[in-house]
Engineer: 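Can you read through this structure? Questions will come right after.
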Amino acid sequence: MGTGTPLRSVGGAESVDDAWRTGALADDTLVEVARAAVTGAAAPGGAEVAGGWGAACDGFWCTVRPPEGVPAPPAQGWKIHVSAAGTVATEVLSAVAGAIAEDPCTFKFAADREKLHQINSRNSERGSAGKFITVYPADEEQFLRLAEELHRATEGMPGPVVLSDRPFAPDSLVHYRYGAFSRRAELGNDGAYRSMLHGPDDERFEDVRMAGYRCPPWVVDPVRGAEAAVANGARRGGGGVLVGGRFALTAALRHSAKGGVFLGTDTTDGTPVVVKQARAHIEVDRSGTEARSALRHEARMLAELADLGLTARPLELIEQQDSLLLVQEHIAGQSLGSWVAARLTRDGAPDVPWDQAQPMALALVDLLARVHAAGVVLRDLAPGNVLVRTDGSLCLVDLELACAAGTSAGTAGTPGYRAPEQRESAAVADPQADLFALGGLFFLLATGHDPLLPEQPAGGRPLPQRLDRWLALAARTGATARRLAPLVRELRAERPEQRATLAEVRRLLGAPAAPPPTPAPQPFDRLVRDGLRRLAETATPHRPDRLWPTVPNGQRTDPCNVQHGAAGVLAVLARGLAVYPAAAPTIHQAARWTERRCAAEPVVLPGLHFGRSGVAWALLDAAEALGDEAAAERARRLAEPIPHRWPNPDVCHGAAGAGFLRLRLGDHQAALDTARALLAAAAAEPYGTVWPVPKTFDSSLAGITHLGYGHGVAGVGAFLLAVHRATGDAAALAGAERAARTLTATARTATGARYDGQGAAWWPQSAGDPATVRLAHWCNGSSGVGSFLLRYWQATGDTGAGELALAAGQAVLDNRWHCGTSACHGLAGDGEYLLDLAEATGEARFADGAREFAELLGARAVLHDGLLVLPDETGTGCAAGYGTGTAGPLAFLLRLLHGGPRLWVDPVAATAVRQPTARQEPTA
């Protein structure tokens, strides 16, 4: 339920509770509305309740608690969600709070209108969208009373449907579901927290907020009894869901809070169609434009441009329950983003070949010229909104943001392609904004990447300059990059009037290529020092939930782990202590925070990256870096209860990861025990020995058989090899040999054929994947597989493994342009493998490649408070985590500049890097 902690005083009050009682929150409209409603109402029997209510705000939610003596909510039960359109937020909240004041229980609501907009936004998670107010009845009887009363109190008001719940009545704002209230979330076997419901006979049921109503099997709906769920959609016809009595939906292309996009068929003649859904009261922009209004607008824009051959033709608008459906003709083709991806050679060239890129660039110019001649501004010219037909011609899709030039328009656009002026709430639609986006599409043709960079505070480098280094690096080897780089700079000017015209762009597309620019030397030392300082300064030891922010897909994971949490960052700070000695207090604080958080978590998982093994390893590294023997002993004690036998065999989540920790601790007997258990769990496939995750294991990975380092054969093989090197155990070596043979049999060429000993070697995620799947990263692909094969070659002298390790390195080099920044699946982890190869072979191509990887990382840095900061895996943020954030790239740069063992791969003491010397740092 999360009542939160008072975080601020308002109007001089000592706490939010004091402000609540005194009315000092009157400047916060929604909070004041709720306060007035509950403190101004009479409790049952006529008793005034003004003195007994309290509230706490945790940043997003305001949780209101009833007077003492009112029963506390149970651990789980029937909860009520009340939605509201932004236009009636105060009326709905006042009605709900007033009703609850007369039948008291705990409830919470979005603390201000901006947060309600997020809940009602197209970008909200489908399982959470619409949940403005949550009510926690004390029992089933109160649930029934309140559901009925809240329905009456809000009847007729507008609000979105809550997809995860069942509506109390048709068109009601009141929805309900059975779920967890105050029960503590449990850490699952995959390292993420999940809400679990408990049945009367010890049944367990995960409380997942899905875009569909789910009820535990032991619970009977108190409103409808045991009757089947009320159908939410249209009636079904022979070809699928039938809408408008005519169009059969046959497949879903995508879903969002706003609604779905579906493929379908016109049952009258078999013509294929596309159907777009807009759900009521979901907002599509900052001004609060409702999704149905936006879809009607899009239908008008389609009709206007379809006659020019620029878009699909709209066929019909259909109102159905709470949704509006737009049926339009289906145009065969692929998005521009997919077209670009299919033409990237992945042979070391960054760009689409010029003989294909030039006609596409000219076609984009012609497309935009025709749109602007029609008096229209697209406002969202992005790769996903340009369709390349099967004949190579272009058309536009998703025109909900398009409008007539000069029209007043709010903030809009796709990150990386949205012009600076479109971030203003009172912007006017100007064709110049589309020119900025065109520059982004040219950047995509030149580099294979969206032009994504983290947001930069005001006063930083101008926008064109922020892409210059990236473009200059691409232009050293890419003909398309050389030709388009000047145009990207012209089109991406920050001020609209400085951007090139379409006529100038067309002329420059036919001009000779300029000589490749020489990028300025990269300040690698500064990137490291600034990055370490940023990690140290952004730690939040006062927060109980997370020590550092994480990327969105890490928010529900264990906040201590290596992949997304404190341990990975702590280990990197410890490694960099000699470079940035001022981090010592943060290292100490972070270690103590991690120890406290682990002590409060009863579930102990074994994995190196998602479990407790990596945490103990990081704490030991930190203690050794600080010379703190007491802290080192605490780290060893933390490791004692970690299981080293586990159903999942892998490195990230399972037994191999725990075994690596045992080697790091010098506990060879426990490592041998883990190795023997893994050897016993091996399975035979026609292509070799594998280590599957059991199908019965409670995990999203159940049943998988992967090849890579993070979750599969390469990681298990690496552990078995490390056990042999530490103990001399012959059985472990034999297991590593079988793993190497499996990886030899599953290697692929760039075309997807079985590897023939020539060129680069790639791997799929699993052996049965389609031939088009070829991966290059640490978690799955060449970088991780090569990390094992290289060490196997070094240990055994197996020349076949050595040749394959070098071919894996070539794949990593060839893929360098077309990946993100992270250690898990990006430049940082792949660069670590190049350093391995350079140390093992002395080959210049690998040492030079590692430096180029560092240049590519540095090209994406952003200036924050005077510090150069690297982006995380999203490309737009700077979260700290090791596997997906900035700490992983910093670990790579530290090792590039100062040497040292590879974190988490080589189970030896990770001593701090050497003190910097006067030698010349690597530069471009």
Side-chain angles (χ1 to χ4, degrees), residues 189-190 605-611 613-614 642-664 670-685 687-694 697 699 701-727 729-747 763-767 775 777-793 795-796 798 801 804-805 808 904-907:
N189 289 329
D190 295 338
L605 300 174
L608 189 59
H609 290 256
F610 285 85
S613 293
I642 298 174
H644 52 276
R645 287 174 175 250
W646 195 252
N648 184 332
D650 77 15
V651 167
C652 279
H653 294 89
F660 269 120
L661 171 66
R662 295 299 159 186
L663 292 174
R664 170 69 176 89
L672 271 171
D673 185 49
T674 301
R676 290 176 183 132
L678 285 169
L679 291 170
E685 292 289 347
Y687 53 87
T689 300
V690 296
W691 281 267
V693 180
F697 189 49
S699 166
L701 301 172
I704 71 159
T705 304
H706 284 181
L707 299 171
Y709 194 102
H711 306 289
V713 171
V716 175
F719 166 64
L720 294 174
L721 178 66
V723 169
H724 166 72
R725 297 179 80 169
T727 68
D729 187 75
L733 178 60
E737 180 184 5
R738 292 197 295 273
R741 289 177 180 173
T742 300
L743 296 167
T744 300
T746 52
W763 279 265
Q765 182 168 265
S766 298
L775 306 173
H777 299 311
W778 170 86
C779 52
N780 289 293
S782 304
S783 169
V785 172
S787 294
F788 162 54
L789 292 176
L790 175 65
R791 287 161 176 78
Y792 182 75
W793 173 40
T796 67
D798 186 311
L804 205 52
W904 319 118
V905 174
D906 297 312

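Please read these numbers as outputs of a predicted model, since none were measured by experiment.
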Engineer: So, the side chain of W904 versus the backbone of G614: is there a donor-acceptor pair under 3.5 Å, distance only?
Structural biologist: no
Engineer: Quick check against the 3.5 Å criterion: does S766 have a side-chain atom that pairs as donor or acceptor with the backbone of T705?
Structural biologist: yes
Engineer: Grab the two heavy atoms, one from D650 and one from G712, that are nearest each other, plus how far apart they are.
Structural biologist: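 Looks like CB-N, 4.3 Å.
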Engineer: Looking at every non-hydrogen atom in both residues, tell me the closest pair between A670 and R662 and how far apart they are.
Structural biologist: CB-CD, 3.7 Å
Engineer: Do L743 and V713 have side chains that get closer than 4.5 Å, going by heavy atoms?
Structural biologist: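 In contact.
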Engineer: I want to check something: taking the side chain as every heavy atom from C-beta on, are W691 and L678 in contact at a cut-off of under 4.5 Å?
Structural biologist: yes
Engineer: How far apart are the C-alpha atoms of T746 and V785, what are their side-chain angles, what is the distance that settles it, and do they pass the side-chain contact (heavy atoms from CB on, under 4.5 Å) test?
Structural biologist: CA-CA 11 Å; T746 52; V785 172; over 6 Å; no
Engineer: Restricting to non-hydrogen atoms, name the atom on A726 and the atom on L663 that form the minimum distance, rounded to 0.1 Å.
Structural biologist: CB-CD2, 3.9 Å
Engineer: Just how far is it from atom CG of L789 to atom CG of L804, taken to the nearest 0.5 Å?
Structural biologist: 5.5 Å
Engineer: With sequence neighbours excluded, tell me which residues meet side chain to side chain contact (heavy atoms under 4.5 Å, CB included) with T796.
Structural biologist: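 Partners of T796 under the side chain to side chain contact (heavy atoms under 4.5 Å, CB included) test: L733, Y792, D798.
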Engineer: For A731, give me all partners under side chain to side chain contact (heavy atoms under 4.5 Å, CB included), at least two apart in sequence or on another chain.
Structural biologist: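 Per chain and number, A731 pairs via side chain to side chain contact (heavy atoms under 4.5 Å, CB included) with L679, D729.
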Engineer: Contact between W793 and L790 at the side-chain level, heavy atoms closer than 4.5 Å - yes or no?
Structural biologist: yes
Engineer: Less than 4.5 Å apart, side chain to side chain, heavy atoms only: is that true for W763 and N780?
Structural biologist: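 Contact flag for W763/N780 side chains = no.
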Engineer: Stepwise, does the side-chain contact (heavy atoms from CB on, under 4.5 Å) test hold for R791 with V905?
Structural biologist: CA-CA 10 Å; R791 287 161 176 78; V905 174; 3.7 Å; yes
Engineer: Under the side-chain contact (heavy atoms from CB on, under 4.5 Å) rule, what do N189 and H653 come out as? Steps first, then yes or no, please.
Structural biologist: CA-CA 8 Å; N189 289 329; H653 294 89; over 6 Å; no
Engineer: Specify whether W778 and Y709 have parallel, tilted or perpendicular ring planes, treating 30° as the upper limit for parallel and 60° as the lower limit for perpendicular.
Structural biologist: tilted
Engineer: Is a side-chain donor or acceptor of T689 paired with a backbone partner of A739 at a separation under 3.5 angstrom?
Structural biologist: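 Not a single qualifying donor-acceptor pair exists.
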Engineer: Measure the CG-NE2 distance between N648 and H711 for me, rounded to the nearest 0.5 Å.
Structural biologist: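 If I round to the nearest 0.5 Å, the distance is 9.0 Å.
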Engineer: How long is the gap from CG on L608 to OG on S613, to the nearest 0.5 Å?
Structural biologist: 6.5 Å
Engineer: Rounded to the nearest 0.5 Å, what separates atom CG in L775 from atom CD in Q765?
Structural biologist: 6.5 Å
Engineer: If you look at every heavy atom in P606 and P643, which pair is closest and at what distance?
Structural biologist: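 Looking at all heavy atoms of both residues, the shortest contact is CB-O, 3.2 Å.
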Engineer: Who passes side chain to side chain contact (heavy atoms under 4.5 Å, CB included) against A677, sequence neighbours left out?
Structural biologist: R645
Engineer: Working to the nearest 0.5 angstrom, can you tell me the gap between D190 CG and C652 SG?
Structural biologist: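 Going from CG on D190 over to SG on C652, the span is 11.0 Å.
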Engineer: Compare every heavy atom of G786 with every heavy atom of A808, then report the nearest pair and how far apart it is.
Structural biologist: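 Closest approach of A808 to G786, heavy atoms only: CB-CA, 4.0 Å.
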Engineer: I need the minimum non-hydrogen distance between A671 and F719, along with the two atoms involved.
Structural biologist: O-CZ, 3.5 Å
